[in-house]
Structure formats: structure tokens, C-alpha cells
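Structure incoming, see below.
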Amino acid sequence: MTNQQSTINNQQSLLSHPVAVPDKPALEGLEQKWLAKWEADRVYRFDRTVPRSDVFSIDTPPPTVSGSLHVGHVFSFTHTDVIARFQRMRGKAVFYPMGWDDNGLPTERRVQNYFGVRCDPSLPYDPSFVPPDKPGKHPIPVSRPNFIELCARLTAEDEKAFEHLWRHLGLSVDWSMTYATIDRRSQRISQLSFLRLLDRGLTYQLEAPTLWDVDFRTAVAQAELEDREQPGAYHRVRFAIADRDGHLTIDTTRPELIPACVALVAHPDDDRYKPLFGTDVITPLFGVRVPVRPHTLADPEKGTGVAMICTFGDVTDVTWWRELSLPVRAIIQSNGAFRAVRWGERGWESVDASRAQGHYDELAGLSAVKARARIVEQLRASGDLIGDPKPITHAVKFYEKGDRPLEIVTSRQWFVKTMEFREPLLARGRALQWHPPFMQARYENWINGLAGDWCISRQRFFGVPFPVWYEVRADGSIDYDARLLPDEQRLPIDPSTDVPNGYTEEQRNVPGGFAGDPDIMDTWATSSLTPQIVSRWEEDPDLFGRVFPMDLRPQAHDIIRTWLFDTVLRAHLEFNALPWKHAAISGWILDPDRKKMSKSKGNVITPMTLLEEHGSDGVRYWAASARMGTDTAFDPGQMRVGRRLAIKLLNASRFVLAKPEPTGRVTSAIDRGLLTMLASLVRESTRDLDEFNYARVLERSEAFFWFFCDDYLELVKGRRYGDQGPDLAASANGALLTALSSMLRLFAPFLPFVTEEVWSWWRAGSIHQAEWPSAEELLSAGGTSEDPRGVDALNFAAAVLTAIRKKKSEEQRPLKTAVAVAVVQAPAAMLALLPEVERDLCAAGLIQRLETAEADALQVRVDLASPESSA
RNA sequence: GGGCGGUUAGCUCAGUUGGUAGAGCACCGGCUUUACACGCCGGCUGCCACAGGUUCGAGUCCUGUACCGCCCACCA
């Protein structure tokens with residue numbers, strides 16, 4: 001096709017559809033109108049027939065459904081949607097599923113309260129169970145499968161509300177591919193991946209000290225920790241040196257753990273304590289003989305330089321305990337209460353067992369906090385507390401969802417090997433394309449700070465069970481080494497109700513029989529498989545081949561250490577590959593006072609309220625104004641600006657389409673200049689969007705559009721009504737229609753509703769399936785090349801017009817005031833452009849006489865017509 | 001303690017290879033102009049955190065400092 005032909009075709013296609021512009025265009029109701037149409041026409045349906053190279057696949061973050069969606073979700077999901085819409089218009093088949101994270105603790109808590117039930121995994125499944133209408137006083141125990149059914153029932157309701165919000169926001173998701181982290185497919189993939197890792201020795205079970213939440217009574221992983229500043233106090237406590245006179249003093253914030261003390265420790269180079277290494281001391285109150293040992297982790301600067309090692313007060317204790325081969329004296333139970341101890345028995349030897357028992361009996365059954373208060377009194381009474389406790393605030397480790405500090409409890413847990421893969425995982429991080437790039441540092445930080453393998457087991461109920469049974473020995477104990485595993489074809493299974501091959505239900509939990517693994521996997525152990533879940537790994541190889549590895553993982557920066565890292569780990573272990581090419585990291589929404597917006601603070605503004613007040617396009621405008629990775633203030637003002645932009649698009653389009661004929665070849669300099677400017681905007685916008693730089697595209701498109709409205713439109717208004725004859729009117733119309741078409745498509749990823757509305761006035765099909773604009777298409781309408789002279793002419797005319805408006809404004813005269821004489825002083829090169837724009841300029845500025853004079857810089861002298869003579 | 005961002009107009013932020021500081025909001029003034037009063041036109045506002053350095057020239061590059069925010073850390 002020659003350029004000439006393409007020009008003609010382009011012009012024909014500009015008006016190939018009857019133009020029908022409403023009299024009073026408005027934004028109200030556009031969401032409902034177009035959502036229904038998009039759904040009916042399956043505009044966002046993924047085309048799974050295209051090859052991988054023509055697919056753009058997105059690994060959507062599944063929001064937690066038991067919480068509520070907030071503006072932060074709207075913010076980051078809009079970013080993703082802008083990219084999705086851009087890629088779709090570029091001709092990609094966009095694989096954009098939505099998921100719900102319904103698996104996990106938050107859902108459990110809601111279901112317990114909502115239905116008045118309690119999960120008892122020892123119960124068999126009751127298919128006929130119906131929850132009471134109202135929750136009763138005492139929770140009804142139900143089996144794990146029944147409990148999970150209730151979770152599914154409740155989350156289904158939440159998911160409907162979420163979907164409604166997402167649709168209203170205009171997310172171009174293919175809703176036929178929605179998944180949930182607790183659905184059968186997710187469970188199957190999660191269990192399948194687990195079994196494969198187990199088979200390769202990449203996951204293992206171990207009984208070891210583990211971080212433990214005493215309220216939830218479950219193990220937690222390093223990634224779920226957070227530090228909180230807590231008030232505490234240094235207690236200076238003295239230990240008698242065994243077999244001779246003298247005392248050693250230590251500082252401790254946890255004096256209640258003195259009964260669990262197994263050693264004291266000081267730095268090997270600390271001259272104060274060198275002589276004591278190898279000797280024993282006697283613990284106060286309990287009279288236990290413990291050694292004084294050297295270790296480099298002991299800090300001479302802290303406290304007295306001697307630390308008390310307990311089993312277990314913190315993670316350093318675990319390190320010391322392991323490296324110094326110390327015994328265990330555990331006193332805190334899984335519920336956080338002090339266990340009963342019989343002093344004098346093996347492991348609890350004391351120089352005065354009855355005195356120890358006396359002290360300890362006052363502590364047994366207490367929580368750590370209460371025990372601390374009690375033991376301080378005991379220490380004070382015995383004279384072993386030196387001075388008063390010195391109040392301090394210090395950072396204490398908490399489970400991020402927990403209310404009490406974590407304890408360390410010895411238990412049997414499943415781990416995924418991570419420590420030995422740190423180097424290759426760092427390399428994966430370097431191969432991943434981060435947006436913005438500095439986010440990679442957080443990933444590396446996390447890996448470099450890893451303290452141990454990933455604990456994936458949780459002592460909870462609503463989650464994916466471990467697909468494992470164990471043989472039960474003749475004595476009734478469980479043989480954890482004798483695992484019974486299901487065939488992959490049976491997955492998903494629940495070992496609390498399903499039975500291993502070759503056994504019957506009667507053999508459950510009886511000697512010689514079997515026992516199911518009681519634990520479930522951590523949420524992240526499943527959600528780290530979202531790429532595998534959405535692409536239907538090991539279920540639909542054809543689909544998998546078309547979408548995996550995926551193109552984009554969008555998410556927020558707070559879950560780099562969990563979701564992102566875990567997903568990279570799983571893909572590395574399973575496929576020896578990255579799960580995606582790009583990671584686009586959104587920032588957070590901050591309160592106007594720059595603090596992180598928190599749900600607990602009671603942000604009463606729900607996303608739906610925002611969408612209704614400002615329109616979806618307005619809210620999307622605000623969200624898309626923030627660059628990737630930038631924390632952004634919540635700003636309704638920006639939403640109003642976005643809404644205004646959408647209204648402006650309606651009105652400007654109405655004007656352009658009000659008299660679209662005659663249309664023809666774009667010949668006038670300023671028309672060609674406009675298209676040239678727009679062509680370079682399109683070219684740069686395409687490049688920016690390819691690099692996830694959507695905020696810049698929106699900003700620049702908006703600026704151009706405003707220039708188009710304020711200056712260009714005003715300059716060509718008269719001409720396009722025919723003031724200068726049909727050919728020049730045709731040129732103006734050609735440029736207006738061409739520019740409008742491109743601008744609408746430029747805005748379409750950001751403002752999907754208003755652009756679709758305007759598109760429907762004069763074009764067939766959905767704008768969201770239209771081709772992304774190109775510089776070539778714009779330039780072919782104006783000839784075949786860029787026209788920098790046209791750009792200069794347009795800018796020159798706009799500058800003169802501004803000067804004339806300024807004069808009218810200064811004189812406080814109406815803009816329709818005529819200009820008797822305008823003297824344009826400018827460099828010769830500029831003046832040479834004047835003939836090209838003179839007639840447009842005089843029409844737009846109501847200039848009666850135009851004179852010129854050469855000058856170094858542009859300057860316009862304006863003499864307004866007298867009030868009487870201006871009509 | 002380690003790391004990463006940030007510091008530009010009253011507010012929110014742009015500023016792409018270094019070349020005489022920008023936008024929007026807010027504020028002030030004006031205007032019904034045949035798309036838009038959910039509008040239009042115009043105006044005001046800055047030792048670009050601070051101190052050095054490189055350069056003919058630094059908001060931009062280098063070094064250091066301060067403050068803000070975040071991530072991480074074995075915090076007795």
C-alpha cells in the first residue's frame with residue numbers, strides 16, 4: 001500500500017461509522033453501560049489460540065477476601081490494568097486472571113465468629129452438617145472438611161463484592177479464569193508441588209525450636225515477623241558462683257525465664273570473665289548449676305557483658321544452645337502458659353529442689369507477663385535482684401497478625417530448603433527486571449538476612465493440608481519417618497478424612513494403622529504458586545506453554561520478602577527458571593499526614609464511595625498519576641482533576657464531531673504541526689508504557705490534550721466552519737479527527753469508560769480492542785513526514801494568541817473584544833511563518849489589523865478596539 | 001548497626017544524555033467566548049535541604065552532612 005492510499009483509507013475510516021453525538025454528554029452511568037457491554041462482547045476474554053510470543057501474561061496478586069478492599073488496592077490494581085490495556089491494544093492476547101486469597105488465618109477467625117463453630121481436625125466429615133442460624137454460646141466442633149466448606153461459603157460472598165468493585169473500577173480482567181487459593185485447583189497444585197519437592201529432598205520435617213505465636217498456637221515463618229517497640233526493663237540479677245564465694249551479675253529483660261536458664265555466656269576476649277569460663281554458677285531461686293561459657297556473639301558492651309541463655313528466650317538463645325550443645329529446659333507451652341515442672345527430676349536438678357519447687361509453683365500456669373511480675377517479687381525477696389529494674393523500650397519480635405510477643409517452642413514442622421539456594425536466588429533477582437530498579441535491593445537484603453529454611457507448616461485448619469500420612473507403630477506412637485504418600489492423581493486430598501492406599505478408615509490412629517499429618521501449609525506456600533495455578537501447571541500443558549513464564553508480576557513492596565521471594569524460590573526449585581520477566585512494584589497509599597494508611601485508623605472512605613463520587617475514570621486518573629514504587633498521598637483533589645479531564649474529553653470530542661465534514665487531506669501548516677507533535681507524543685508514550693512508565697504518559701497526554709483544547713482548537717475553529725473555504729476546512733477536520741482518534745486511544749488505558757463512550761459516537765467496536773496509535777498513522781494523514789516547520793508555526797500562533805488574551809485579561813475586557821492593531825515583533829525566522837497562520841490567528845484573536853516588526857524575541861503589542869466599536 | 005528511597009512554589013508532584021526553574025491544586029483578578037460555568041482567560045509564588053567538589057555552566061554528576069520515610073538486622 002502506498003502512502004497516498006493509506007492516507008485515503010485512513011480518512012475514509014475516520015468516518016466509516018455514522019456519527020452520533022449526544023446533546024448533553026455526561027459521565028453519569030457510563031460505568032454500568034460499558035461494563036455490561038464489555039461483558040456481553042467478551043472484550044477482555046483471553047485468546048488462548050495465539051502463540052506465547054503474542055501473549056502478555058499477568059500474575060495478579062490475590063487480595064485477602066476476609067479483609068476489605070481499600071484505596072491501596074484500587075491504587076495498585078489500576079497500575080496493572082493500565083499496563084494490561086496498553087498491551088491489549090498493542091495486539092497482545094492479555095492473560096489477566098483475578099484471584100482471591102481466602103486461605104488462611106483471617107478467614108478462619110471470621111468463620112468461627114460468623115457461624116459459631118470450631119474446627120476439630122480429629123472429627124470425621126459430616127456431609128449433612130448445617131450451621132445454626134445464629135452462632136451459639138458454645139462453638140460447635142466440626143471436621144476440617146466441614147470447616148473448609150463454611151470458609152468457602154463465606155468467602156464466596158466476599159468474593160462477589162470484590163468482583164463487583166473491581167468491575168466497577170474497570171479492571172480488564174478475564175473473569176472466566178478467576179481462582180481462589182483454597183479452591184481445588186490451588187490445593188492440588190500446592191500439594192503436587194509439595195510432593196515433588198519432598199521427592200527431591202527439598203522439603204523436610206524437623207523437630208526444632210521454632211518461632212511460635214501463643215495465641216494462634218502455630219508456628220510462624222521469618223517472613224511473617226515484625227518488630228515492635230515495647231516497654232521493658234533491665235533486671236540486674238546475681239548468680240552465685242558455684243563452689244566458692246562471689247557472684248556474677250547479668251542483665252535480663254526476661255527474668256521469668258530464669259528457671260529455663262541453661263548457661264551464662266560472655267565474649268571469649270572479655271578479660272572480666274575469662275577466669276570464669278568453665279566454672280559453674282547457681283541460678284537464683286531455682287538453684288540450678290549452669291556453666292559459664294564463651295561465645296563471640298556475646299557483646300561486652302551490653303549490660304554486664306554476661307548474658308543468660310534460656311531455652312528459649314530469643315533466637316540468639318537458639319544459636320547459643322545449638323552451637324554450645326546445651327541441654328533443653330523448656331517451660332513455656334504452646335499456649336504461652338508456664339508448664340508444670342517437678343524439680344529434682346532428671347533435667348531439673350537443683351541444689352535445693354523444694355525451694356525451687358516453692359518458687360516455681362507460683363509461676364506454673366501463668367503467662368510470661370504475669371510470671372515476670374511474680375518472679376521479680378521473688379528475686380527481690382531473696383536479695384538476688386540488684387537495684388530496681390531499669391525501664392527501657394526495646395524491639396520485640398511479633399507475628400505480624402499477633403498480639404503477644406513470639407515465643408520459641410520446640411515442635412515438629414515442615415521446612416522448604418532455602419539457605420543452600422541463596423546464591424542462585426540472588427542471581428534470579430538480578431535477572432528479573434524490576435520497576436523501579438531499586439526495589440531489587442529489598443529482595444537482596446532479605447536473602448542476605450535469611451536465618452534459616454522456610455517453615456511452611458501451620459497448626460491451623462483452613463488451608464491446604466499436607467498430603468501425608470504416617471504409619472502408627474504397634475505402641476501407638478507415630479513413626480514420622482514412615483510416610484505414606486498419595487498418588488498424584490488423587491490430589492487434592494485431606495489426610496484427616498481421606499485414607500492412604502491399602503488402609504481403611506478403621507485403621508486411623510490405631511496401632512499398626514495410620515495417622516494423617518494434622519498441619520496445613522502456610523498461605524504463602526500456596527500463594528507462592530500463583531503462576532503455576534493460573535497457568536494450570538500439570539493440568540493444561542497447552543495453556544501452560546502459552547503463558548508461562550509470565551510477563552508481569554505486579555505487587556506492592558511490603559510483600560517482596562514473602563510473595564515475591566517465595567514465588568521466585570518455588571519457580572527456581574520447580575523449573576529452574578524465573579516465574580516472570582518483570583516485577584512492577586507499586587507504592588503505598590499514605591494518609592495526608594504521610595503516615596501509612598491503616599485500616600485500624602478507620603478510613604471510613606470505602607473504595608466504592610470514591611468510585612461513585614469521582615467516577616471510576618477520576619479515581620483511576622489519581623492512581624495512574626503515581627509512578628511505580630512511589631508512596632502516594634491519598635488525594636481526592638486529584639480525583640476531581642481526573643473527573644474534569646474526563647468531562648473535558650466528552651465536550652472536546654463533541655465539538656470535534658459536531659461538524660466532521662468536509663474531511664480531507666491535511667495541508668495547513670498548523671494542522672500538520674499538531675499531528676507532528678502528537679506523533680512524537682505517541683512514539684514516546686509507547687516507549688514509556690513498554691517500560692511501565694504510565695504516569696509520565698498520562699501527564700504528557702493530558703498536557704497535550706489541554707494544549708489541543710485551549711490553543712489549537714481555538715485557532716482552527718473558524719477555519720473548520722468554512723471561513724477559509726472547503727479545502728482548508730477539510731484540512732482542519734482531517735487533523736481534528738485524526739488527532740481525536742489518537743488521543744482517545746492514548747487515554748483509553750487510563751480512562752476506559754469515557755474513551756469508550758466517545759469512541760462509540762463515531763467508531764465501530766470497542767476502543768479497548770482498537771490498535772494502539774502510531775506515529776506513522778498520524779503522519780500519513782498530514783502527508784508522509786514530520787513537519788517541524790508546522791510545529792513552529794503552531795507554537796508561534798499559540799504564543800501570539802496567549803499574548804492577545806493576556807492583554808484582554810489585563811484590561812479586564814471580554815475575550816470577544818476585537819483587536820484594532822496587533823504588532824508582532826519577532827525574529828525574522830518566526831515572522832516568516834506568519835503567512836501560514838495569519839488567517840487562523842486573526843480569526844481566533846479577533847484581530848482587525850496585523851503588523852510585524854523584527855525583534856530579537858517575540859513580543860506582541862496589542863491595541864484593543866474601543867468598547868463602542870467592538871461588537 | 002546495614003541498606004534503599006526522598007528533600008524543587010502554601011499543598012501534591014514533574015523535571016530523560018548538565019545549558020536561563022515547570023504543572024496541577026490552592027489563592028487573586030477578569031470573562032456567558034456559537035464544545036464545555038462539571039467552563040474559559042490571565043496573574044502571584046522558588047538562594048531546587050545544607051556544605052564542598054568537577055565543569056565555561058549543576059535541580060541534574062561526585063563527596064560529605066542534616067532531616068523525613070521505608071526495608072533489613074543475633075535488640076541479653
Side-chain angles (χ1 to χ4, degrees), chain A residues 21 24-27 225 227 229-230 232 234-235 250-254 257 264-266 297-299 302-310 313-320 392-397 436 438-451 557-558 560-561 587-588 590 592 594-596 622 625-627 629-635 637-638 640-641 643-658 684 687-688 693 695-696 699-700 702-703 706 709-710 713-714 717-718 721 801-802 804-817 844 846:
Chain A
V21 184
K24 279 265 173 201
L27 297 179
L225 306 187
D227 287 354
E229 283 294 326
Q230 295 285 308
Y234 278 131
H235 302 76
I250 60 126
D251 275 350
T252 179
T253 54
R254 300 203 61 184
L257 293 180
L264 300 187
V265 67
L297 278 181
D299 183 353
K302 275 186 190 144
T304 63
V306 186
M308 172 172 79
I309 304 176
C310 306
D314 63 27
V315 290
T316 316
D317 281 343
V318 178
T319 306
W320 280 326
I392 54 159
T393 58
H394 60 154
V396 178
K397 285 195 191 307
F438 68 77
M439 287 295 179
Q440 191 197 336
R442 303 209 175 186
Y443 174 87
E444 300 203 344
N445 244 336
W446 174 247
I447 292 179
N448 290 328
L450 279 177
H557 52 66
D558 53 335
I560 288 175
R561 67 174 179 171
W588 272 336
L590 306 176
R594 306 301 299 171
K595 291 279 188 293
K596 186 188 170 189
W622 160 74
S625 302
R627 292 167 308 158
T630 309
D631 292 345
T632 302
F634 175 72
D635 188 357
Q638 280 300 105
R640 283 190 283 273
V641 172
R643 182 179 170 79
R644 209 173 316 173
L645 173 63
I647 292 168
K648 190 82 173 173
L649 270 166
L650 287 178
N651 287 315
S653 301
R654 186 167 100 94
F655 173 71
V656 169
L657 296 172
E684 289 170 37
R687 192 197 62 207
D688 285 336
N693 237 332
R696 185 174 142 88
E699 185 185 329
R700 298 188 40 170
E702 186 187 11
W706 234 259
C709 290
D710 295 345
L713 229 41
E714 294 300 326
K717 214 176 234 182
Y721 280 123
L801 186 59
T802 297
I804 288 168
R805 287 171 180 155
K806 181 171 177 172
K807 178 71 174 178
K808 291 176 181 176
S809 190
E810 279 169 359
E811 301 282 323
Q812 305 201 345
R813 302 278 296 278
L815 282 173
K816 64 177 181 185
T817 304
L846 298 167

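The model shown is predicted, which means the values in this text are computed figures rather than measured ones. Numbered from 1 within each chain, the chains take letters A, B, ... in sequence-line order.
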Next item on the list: Going 5' to 3' through nucleotides 26-38 of chain B, assign each nucleotide B (protein heavy atom under 4.0 Å from a base atom), S (under 4.0 Å only from sugar-phosphate atoms) or - (no protein heavy atom that close).
Entry: ---BSS-B-BB-B
Note to self: When the C1' atoms of A58(B) and C28(B) are compared, how many Å lie between them, rounded to an integer?
What the structure shows: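 One C1' to the other, the span is 35 Å.
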Margin query: For the P atoms, the ones on G2(B) and on U65(B), what distance do you get once it is rounded to whole angstrom?
Written below: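 Those two atoms are separated by 11 Å.
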Notebook entry, point to check: Between C72(B) atom P and Asn448(A) atom CG, what is the distance in whole Å?
Noted result: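 Distance, rounded to whole Å: 13 Å.
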Item checked: Side-chain donor/acceptor of His557(A) to backbone N/O of Gly587(A), under 3.5 Å ->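 It does not hold such a pair.
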Check: Can you tell me if Asp314(A) uses its side chain to pair, donor with acceptor, with the backbone of Asp317(A) under 3.5 Å?
Finding: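 Yes, the answer is positive, given that a donor and an acceptor are paired below the 3.5 Å cut-off.
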Note to self: Could you tell me how far G18(B) sits from C61(B) if I compare only their P atoms? Round to whole Å.
What the structure shows: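 Going atom to atom, P in each nucleotide, I get 9 Å.
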Item checked: Check: Leu645(A) and Glu702(A) side chains under 4.5 Å, non-hydrogen atoms ->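 The answer is yes; the side chains approach within 4.5 Å.
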Margin query: Rounding to an integer number of angstrom, what distance separates A21(B) and C44(B) when you compare their P atoms?
Written below: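 That atom pair is separated by 16 Å.
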Next item on the list: Report the distance from atom CD1 of Ile309(A) to atom C1' of C74(B), rounded to the nearest whole Å.
Entry: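 The answer, rounded to whole Å, is 12 Å.
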Next item on the list: Whole angstrom is fine here: how far is it from CD in Glu444(A) over to C1' in C4(B)?
Entry: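 Taking CD of Glu444(A) and C1' of C4(B), I get 12 Å after rounding.
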Notebook entry, point to check: With a distance cut-off below 6.0 Å to the six-membered ring centre and an angular limit of 45° from the axis, does Lys302(A) pair with Tyr234(A) as a cation-pi contact?
Noted result: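 The answer is no; the distance or angle limit is not met.
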Margin query: For a quick check of understanding: with a heavy-atom distance under 4.0 Å over all strands, which category does Arg561(A) fall into, base, sugar-phosphate or nothing?
Written below: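 Since only primed, P, OP1 and OP2 atoms lie under 4.0 Å of Arg561(A), the category is sugar-phosphate.
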Note to self: Counting Watson-Crick and G-U wobble pairs with both distances under 3.5 Å, what is the dot-bracket string for RNA chain B, 5' to 3', using [ ] for crossing pairs and | for pairs to another strand?
What the structure shows: ((((((((.[[[[.)...(..]]]].(((((.......))))).....[[[[[..)....]]]]])))))))....
Margin query: I want to confirm an ordering. Mapping Leu450(A) and Ala441(A) to their closest nucleotides on RNA chain B, which one lands closer to the 5' end?
Written below: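 Closest to the 5' end, via its nearest nucleotide, is Ala441(A).
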Check: To the side chain of Trp446(A), which of G24(B), G42(B), A73(B) is closest?
Finding: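 Of the options given, the side chain of Trp446(A) lies nearest A73(B).
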Checklist line | Touch class at under 4.0 angstrom, heavy-atom based, for Ala703(A) against every strand present | finding: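 The residue Ala703(A) makes no contact with any strand.
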Checklist line | Protein-nucleotide distance (Asp631(A), atom CG; U12(B), atom P), rounded to Å | finding: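 The answer, rounded to whole Å, is 14 Å.
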Notebook entry, point to check: Taking NZ, NE, NH1 and NH2 as the nitrogens, is one of them in Asp227(A) or Lys397(A) under 4.0 Å from a carboxylate oxygen of the other?
Noted result: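 Yes, Asp227(A) and Lys397(A) are salt-bridged.
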Note to self: In whole Å, I'd like the distance from the CZ atom of Phe634(A) to the P atom of C13(B).
What the structure shows: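 The answer, rounded to whole Å, is 14 Å.
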Notebook entry, point to check: Within this structure, what is the CZ-to-P distance between Arg696(A) and G22(B), rounded to whole angstrom?
Noted result: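 My rounded result for the distance is 17 Å.
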Notebook entry, point to check: Across the strands shown, which category fits Ile250(A) at heavy-atom distances under 4.0 angstrom: base, sugar-phosphate, nothing?
Noted result: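 Here Ile250(A) touches no strand at all.
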Item checked: Rounded distance in Å between the P positions of G42(B) and G24(B) ->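 It comes out at 10 Å once rounded to the nearest Å.
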Next item on the list: Over all heavy atoms of both residues, which pair between Glu714(A) and Asp710(A) is shortest? Give the atoms and the distance, please.
Entry: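 Scanning both residues, the minimum pair turns out to be CG-O, 3.0 Å.
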Checklist line | Closest-nucleotide 5' rank along RNA chain B - winner of Asn445(A) and Asp227(A) | finding: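 The 5'-side residue here is Asn445(A).
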Check: When rounded to the nearest Å, what value does the distance between P atoms of A9(B) and A23(B) take?
Finding: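 Going atom to atom, P in each nucleotide, I get 14 Å.
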Margin query: Classify Thr319(A) by what it touches in the nucleic acid, base, sugar-phosphate, or nothing, heavy-atom distance under 4.0 Å.
Written below: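 No contact.
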Item checked: Residues forming a side-chain hydrogen bond (donor to acceptor under 3.5 Å, both in side chains) with Glu810(A), sequence neighbours excluded ->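 Glu810(A) satisfies side-chain hydrogen bond (donor to acceptor under 3.5 Å, both in side chains) with no residue once adjacent residues are dropped.
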Note to self: For Leu649(A), is there any backbone N or O sitting under 3.5 Å from a side-chain donor or acceptor partner on Ser653(A)?
What the structure shows: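 Yes, Ser653(A) side chain to Leu649(A) backbone: donor-acceptor pair under 3.5 Å.
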Note to self: Measure CE/Met439(A) against P/C72(B) and give the value in whole Å, please.
What the structure shows: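 Going from CE in Met439(A) over to P in C72(B) covers 12 Å.
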Notebook entry, point to check: Base, sugar-phosphate, or nothing for Lys302(A), non-hydrogen atoms under 4.0 angstrom?
Noted result: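 The answer is base, as Lys302(A) lies within the cut-off (heavy atoms under 4.0 Å) of a base atom.
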Notebook entry, point to check: Is the backbone N or O of Lys808(A) less than 3.5 Å from a side-chain atom of Arg813(A), with the two atoms forming a donor-acceptor pair by type?
Noted result: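 It does not hold such a pair.
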Check: If only side-chain N and O atoms of Lys397(A) are considered, is one of them under 4.0 Å from the OP1 or OP2 phosphate oxygen of C74(B)?
Finding: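 Looking at the OP1 and OP2 atoms of C74(B), one of them is under 4.0 Å from a side-chain N or O of Lys397(A).
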Next item on the list: Describe the nucleic acid contact of Asp299(A) in one word from base, sugar-phosphate, nothing, applying a heavy-atom distance below 4.0 Å.
Entry: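 If one applies the 4.0 Å heavy-atom cut-off, Asp299(A) turns out to touch a base.
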Margin query: Closer than 3.5 angstrom, by distance alone: can the side chain of Trp588(A) be matched with the main-chain N or O of Asp631(A) as a donor-acceptor pair?
Written below: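 No, Trp588(A) side chain to Asp631(A) backbone: no donor-acceptor pair under 3.5 Å.
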Item checked: Separation of the P atoms in G3(B) and A73(B), to the nearest angstrom ->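 It comes out at 15 Å once rounded to the nearest Å.
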Item checked: Considering all heavy atoms, the nearest Thr632(A)-Thr630(A) contact ->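 Reported closest heavy-atom pair: OG1-O, 3.0 Å.
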Check: When rounded to the nearest Å, what value does the distance between P atoms of G64(B) and G5(B) take?
Finding: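 Each nucleotide's P atom is 14 Å from the other's.
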Item checked: Length of the line joining Asp688(A):CG and U16(B):C1', which is rounded to integer Å ->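 Rounded to whole Å, this separation is 9 Å.
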Item checked: Phosphate contact (C70(B) OP1 or OP2) by Arg442(A) side-chain N/O below 4.0 Å ->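 Checking Arg442(A) against C70(B): no side-chain N or O falls below 4.0 Å of OP1 or OP2.
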